[in-house]
Every structure is written in structure tokens, then in C-alpha cells.
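What follows is a short report on a single structure.
Numbered from 1 within each chain, the chains take letters A, B, ... in sequence-line order.
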2 protein chains.
Amino acid sequence: MREFVDVAKALSDSTRVRILIALKGRELCVCQLVELVGLAASTVSKHMAVLRHAYLVDFRKEGRWAYYRRVGRDAPKRAQAALRWLDSSIEMKKGMVDDATRLAMILEIPVEELCRTEK
Amino acid sequence: MREFVDVAKALSDSTRVRILIALKGRELCVCQLVELVGLAASTVSKHMAVLRHAYLVDFRKEGRWAYYRRVGRDAPKRAQAALRWLDSSIEMKKGMVDDATRLAMILEIPVEELCRTEK
DNA sequence: TGGTCATTTCGCCACAGAACGAATTATAGT
DNA sequence: ACTATAATTCGTTCTGTGGCGAAATGACCA
């Protein structure tokens, strides 16, 4: 019950949903997510903490970078069910398409270059 | 997308989740829901408006009473999928059992009597 | 050891939303 | 028509959360 509501809360913000959709089938670095959603790094980091606590994402640190990915089969069932619900509910339209093309462009750029703070 | 987040928001409050669980397989009057969750009628009414706008519940008015029920097959797919997700995620434990027995007691009382304001 | 840089944590502000009681609306009964 | 009452809407208060920039953390490099 408590856990269910926590997961629902995690899914009840459009930025977090955009991130989860972007993470479908791939892992992404924080700086790539920052570029995708166009918010401050601290804000994105906070969002990722929310997703982590709901067991919707996992991450690994590689040097200075943190790569986030969706949780796998070892995650709680409610998290997997939530991701299935998300994927089955989202239709590709409006903002989603924009994100998809934007993400494609981001993936073109090497991470080392993308993360340069100046830009 | 927008719609998905709205549904997720509707599910991200424990009172609303309790109500949706109570509504599984039956319709309930507002005064019964008030009795169940123990909140002010105005608060419950607002919760029901949120659930309505997310297309998770429907209602019919019978005289002074308003009977709420879960939406049926004619509702948006995302709403039905959300309810399926809810049902599959909730396990009967802790607060849920309390609600179940409490609801059983409430159902014993005729609505006309239950809605008497004095009590 | 010191400097740079990606990420997170902290402190703050602004707004969304959950709660209540009071006022309003609508229906039933007299 | 008047009263009673179930439900909703309104106005208010308070807590929770999203946003940012600044400071702290931790890793790499020189």
C-alpha cells in the first residue's frame, strides 16, 4: 500500500515520466538526462533519487559519471508492473516525439563532449 | 502523456487508493466512503472529483445520494489499465485488512441510517 | 597535493494539493 | 412553500514537492 503510493507518486511527474521513457532499453548518464529535459543538474539528480527510492531505476558509477537504467528482473514486482503499465499507456505523440528526436541527437554526441560545462 | 500523469497523480494518494479498493466490485455512497476513510465529507468529495477527472470512477445520483463506482469497459484504456495495475499491486495486509472489516461493518448498516448526520 | 569536473546535498522560494468548516446547491418530505 | 439533508463548492490553512543556485562530495588528472 505505502509502496504502491510511492511508486504512483514517482510516476506522477511529467519530467520523471519523460526520463523513464528515455531510459527504455538503454542506460543514460545524468548529463544526458539534463540535456534531454533541460533542467538544472541538481533538479534532475533529485528526480533520480525519487525514482531510485521507488525502485524504478538503478545506477552504476563509472568514474565521475553516473549511468542510470531501469531496474531489472531482480527488482520488486510492483516496480516491474509499474514500468509495464507506463510502457503500455504511453502513446507516441506530442511531447514524446520531440523527446525521441532530441534524445537521438544527444546520443550522437560523445558523453565526454556533452558533459563539458561551458557549452 | 498528460493523461498518464493525471492518472498517476490520482493514484498517488493513499485515501484515494483506499477508496478505489473499496469500490472493487461494488458501488458505494459518499456517506459510506466518509465513514470508511474517516475524513470530512468535503474532503472525500474533492477526492472523488480527482478520481472522476482521471476517468477512474463514474457515479450516478439517486435522490440525495451519489453512488460512485469504478469505470467500466467504455472508459479510456489507460484508466482500465491503471485499475488493473492497482489490483495486481495491492496485497491484502496491514491497513487494507482493517479497511476490509470496517467496510463489512459499514455495509451492514442501511444507507438511510448511516447518513444521519448526528451519530 | 592541488585543481577540475560530474554529481549530489543543502537551503531557499514558489506553488500544488490535502485537510477542514462554512456556504451553496439540489432533492425529499412535510 | 418550508425545512431537512446529502453532496459539492468555496475560502483558508498547512504541508509537500519542484525548481534553482551554492556548497559539498568524490573521482580523475597533473
Side-chain angles (χ1 to χ4, degrees), chain A residues 2 5-20 27-54 57-69 106 109-119, chain B residues 2 5-20 27-54 57-69 106 109-119:
Chain A
R2 186 66 228 287
V5 172
D6 283 343
V7 175
K9 267 197 225 292
L11 294 178
S12 66
D13 175 271
S14 60
T15 299
R16 286 194 290 269
V17 169
R18 287 171 66 195
I19 288 175
L20 283 175
E27 60 177 14
L28 291 172
C29 165
V30 174
C31 66
Q32 293 174 309
L33 294 173
V34 167
E35 189 66 19
L36 176 69
V37 300
L39 294 175
S42 60
T43 305
V44 172
S45 188
K46 226 172 172 182
H47 280 307
M48 299 320 289
V50 173
L51 292 174
R52 258 181 2 239
H53 291 131
V57 303
D58 205 345
F59 77 116
R60 67 184 173 89
K61 299 212 76 167
E62 183 169 321
R64 284 174 282 201
W65 289 276
Y67 286 93
Y68 281 87
R69 59 173 175 276
I106 292 172
I109 312 168
V111 195
E112 306 81 25
E113 191 180 336
L114 183 68
C115 281
R116 302 243 154 274
T117 21
E118 11 101 0
K119 179 182 26 168
Chain B
R2 188 66 229 286
V5 173
D6 284 343
V7 175
K9 268 197 224 292
L11 294 177
S12 66
D13 176 273
S14 60
T15 298
R16 286 192 292 268
V17 170
R18 287 171 66 196
I19 288 175
L20 284 175
E27 61 177 13
L28 292 172
C29 164
V30 174
C31 65
Q32 293 175 309
L33 294 173
V34 167
E35 188 66 19
L36 176 69
V37 300
L39 294 175
S42 60
T43 305
V44 172
S45 188
K46 222 170 174 183
H47 280 308
M48 299 319 290
V50 173
L51 291 174
R52 259 184 357 241
H53 291 131
V57 302
D58 205 345
F59 77 117
R60 68 183 173 90
K61 299 211 78 167
E62 182 169 321
R64 283 174 282 201
W65 290 276
Y67 286 93
Y68 281 87
R69 60 175 175 273
I106 292 172
I109 311 169
V111 195
E112 306 82 26
E113 191 179 335
L114 183 68
C115 280
R116 300 243 155 275
T117 22
E118 13 100 1
K119 182 182 25 172

Q | Positive for side-chain contact (heavy atoms from CB on, under 4.5 Å) with A/V57, one of A/L20, A/V50, A/I19 | A | A/L20

Q. Per the side-chain contact (heavy atoms from CB on, under 4.5 Å) rule, which among B/I106, B/V44, B/L39, B/T15 passes with B/L33?
A. B/V44

Where the side chain of [X] is defined as all heavy atoms beyond and including C-beta, which of [options] is the nearest nucleotide?
X	options	value
A/S42	C/dC20, D/dA22, C/dT7	D/dA22
A/K46	D/dT8, D/dG19, C/dT7	D/dG19
A/S45	C/dA18, D/dG18, C/dT9	C/dT9
B/R64	C/dC20, D/dT5, D/dC20	D/dT5
B/C29	C/dA19, D/dA6, D/dG19	D/dA6
A/A66	D/dG18, C/dA19, C/dT8	C/dT8

Find the distance [X]:[atom1] to [N]:[atom2] and express it as a whole number of Å.
X	N	atom1	atom2	answer
B/I19	D/dA7	CD1	P	13 Å
A/W65	C/dT8	CH2	C1'	16 Å
A/R18	D/dG18	CZ	C1'	14 Å
B/D13	D/dT15	CG	P	17 Å
B/L51	C/dA18	CG	P	10 Å

Q. So what does A/A41 touch, heavy atoms closer than 4.0 Å: a base, only the sugar-phosphate, or nothing?
A. base

Q. So what does B/Y68 touch, heavy atoms closer than 4.0 Å: a base, only the sugar-phosphate, or nothing?
A. sugar-phosphate

Q) Quick one: which of A/R52, A/E27, A/Q32 gives a side chain to side chain donor-acceptor pair (under 3.5 Å) with A/Y68? A) A/R52

Q.
Between B/V44 and A/E62, which residue's closest nucleotide on DNA chain D lies nearer the 5′ terminus?
A. B/V44

Q: Check whether the side chain of A/T43 and the base of D/dG18 form a donor-acceptor pair under 3.5 Å.
A: no

Q.
With a 4.5 Å cut-off on side-chain heavy atoms, are B/T43 and B/K46 touching?
A. no

